Amino acid sequence: MKQFRKIGILTSGGDAPGMNAAIRAAARRALYNDIEVVGIRNGYQGMIMGHFRELQSYMVGDIIQRGGTILKSARSEDFRTKEGRRQAYRNLKKEDIDGVVVIGGDGSFRGAREFTEEFSIPFVGVPGTIDNDLYGTDYTIGYDTALNTIIDAVDKIRDTASSHDRLFFIEVMGRDAGFLALRGGIATGAEAILIPEINYDTVNLKEHLAKSYKRRKLTNIVLVAEGDETGGAFEVAEQVKEDFKGFDIRVTVLGHIQRGGSPSAFDRVIASQMGAAAVEALLDDQKSVMVGMMNREIVHVPFNKTIKHQKDVNRSLLDLQEILSI
Ligand code: F6P
């Protein structure tokens, strides 16, 4: 087992519910082995600025149920530069930090990979993003909670949509990926989904909706991933409205509500498992890997691999959505 004196923990990129549970797990797993823990505030920018604070066990108490991140998060332009990373290294050295746990998405792991190629301090990643778009893990921390937020919101919209026989376009997050829209669409019985991974143009959509009305479905909900190539819910509504003149069309963008809230049981548990596993990976002398979860087992995926590959959408879920939306 590798010996560590002190490890640093940071959260980076877009926040996600369950990040706090992961911070708590990583901190307590390290403290359990008598390793000191430092919280690095504001992500990589804080590493460059020297925003370090010792974390004791009680300081990560009462946070497992809280959304957001107590360490705050930021996207750092400076860390993209060699000089920024060198300054971060100097600060880590000065603080005697000999290992780092990074909780974030693929941008965060890109930064970690660059750093570990240049300097000798090992970094291990924990996937934290509501988008679930990381290769090498079935789930990312925050995805399940965001899905639950989506179903709560869409169910409410369906109540009012069906009272008025309306056609709704609802935009969910997912700048580059449609995982939230796909599972969210199945879970809410959406009539159609538009995601960046599938080229489903508005001609198809119009045909699909026309069929739906023919089958006497008077309420229709289309979930649109923000990154879909149509350009988002407002754009799609604009593109179809000519053909559906007699229908009442409304648009709702769910926005950042999807990033907040108390994490679900599922997210708390995987965040606890992954946070602890990240420290165990460091003790195991691993570096430049993301801790993931495949088929309910912890796996270690090299940063290189998770950055390079794109996670595929589940085709059978797509087919199922198509079948069930007739
Ligand atoms: O957390 C990922 C994500 O939710 C994307 O789906 C979205 O495009 C992005 O973050 C928006 O984040 P921000 O407003 O922080 O730039």
Side-chain angles (χ1 to χ4, degrees), residues 10-23 41-46 66-80 102-112 125-154 169-185 187 193-198 223-236 251-264 266-267 270-271 274 290 292 306-307 310-311 313:
L10 66 88
T11 49
S12 159
D15 65 347
M19 278 186 163
N20 281 327
I23 294 168
R41 281 165 66 95
N42 308 312
Y44 292 125
Q45 197 57 31
R66 281 205 258 149
T69 158
I70 58 161
L71 294 177
K72 302 194 181 284
S73 192
R75 296 190 171 97
S76 170
E77 283 305 315
D78 295 340
F79 201 74
R80 290 173 194 267
V102 180
I103 305 162
D106 75 332
S108 314
F109 301 155
R110 263 172 227 281
V126 174
T129 162
I130 65 163
D131 290 342
N132 201 33
D133 58 348
L134 284 168
Y135 178 88
T137 186
D138 290 336
Y139 297 104
T140 58
I141 296 166
Y143 175 57
D144 183 65
T145 307
L147 272 179
N148 282 299
T149 301
I150 289 170
I151 64 170
D152 183 53
V154 176
F169 293 90
I170 304 175
E171 186 174 302
V172 299
M173 275 190 167
R175 190 166 36 200
D176 307 306
F179 297 100
L180 285 169
L182 176 56
R183 273 192 188 247
I193 55 162
L194 298 180
I195 59 175
E197 293 87 344
I198 301 294
L223 278 201
V224 186
E226 67 171 311
D228 183 67
E229 59 190 26
T230 46
F234 277 100
E235 312 301 321
V236 190
V251 177
T252 303
V253 176
L254 297 187
H256 286 78
I257 191 171
Q258 297 160 93
R259 285 244 294 256
S262 180
S264 65
F266 184 83
D267 276 332
I270 63 164
M274 291 179 183
M290 174 192 82
T306 187
I307 290 163
Q310 218 186 334
K311 186 170 174 176
V313 287

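Bear in mind the structure is a predicted one, so any value in this text is a computation, not a measurement. In each ligand, atom 1 is the first atom listed, and ligand 1 is the first ligand listed. Side chains included, hydrogens not; waters and symmetry mates left out as well; all remaining heavy atoms used.
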With a cutoff of 4.0 Å, is Arg75 in contact with ligand 1, counting heavy atoms of the residue only?
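Distance cut 4.0 Å: Arg75 passes for ligand 1.
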If you measure every N/O of Arg259 against every N/O of ligand 1, is any gap under 3.5 Å?
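So ligand 1 has an N or O lying under 3.5 Å from an N or O of Arg259.
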Is there a nitrogen or oxygen of Ile130 sitting under 3.5 Å from a nitrogen or oxygen of ligand 1?
no
In this structure, atom 4 (O) of ligand 1 is nearest to the protein heavy atom Met173 SD, 3.0 Å
Atom 2 (C) of ligand 1: the protein heavy-atom neighbour that sits closest, reported with distance to 0.1 Å:
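Looking only at protein heavy atoms, the one closest to atom 2 (C) of ligand 1 is Asp131 OD2, 3.1 Å.
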Under 6.0 Å from the CD atom of Gln310, do we count more than 12 heavy atoms belonging to anything else shown?
no
Gly174 heavy atoms within 4.0 Å reach ligand 1 at atoms 6 (O)
Within the 4.0 Å heavy-atom shell around His256, which atoms of ligand 1 are there?
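It comes down to these atoms of ligand 1: 13 (P), 14 (O).
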For Ser76 and Asp78, what are the C-alpha separation, side-chain angles and deciding distance, and is it a side-chain hydrogen bond (donor to acceptor under 3.5 Å, both in side chains)?
CA-CA 5 Å; Ser76 170; Asp78 295 340; 5.1 Å; no
My understanding is that only residues two or more places apart in sequence, or in another chain, count here; which of them pass side chain to side chain contact (heavy atoms under 4.5 Å, CB included) with Ala233?
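Result, side chain to side chain contact (heavy atoms under 4.5 Å, CB included) vs Ala233: Phe169, Glu171, Val224, Val251.
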When rounded to the nearest 0.5 angstrom, what distance separates CE in Met290 from CD1 in Ile103?
13.5 Å
Contact region, Glu226 to ligand 1, non-hydrogen atoms below 4.0 Å, reads side chain
Tested for side-chain hydrogen bond (donor to acceptor under 3.5 Å, both in side chains) against Lys311, the lone hit among Asn132, Thr140, Thr306 is Asn132
Just to verify, what does Asp131 make a salt bridge (Lys or Arg N to Asp or Glu O under 4.0 Å) with, not counting sequence neighbours?
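Applying salt bridge (Lys or Arg N to Asp or Glu O under 4.0 Å) to Asp131 gives none.
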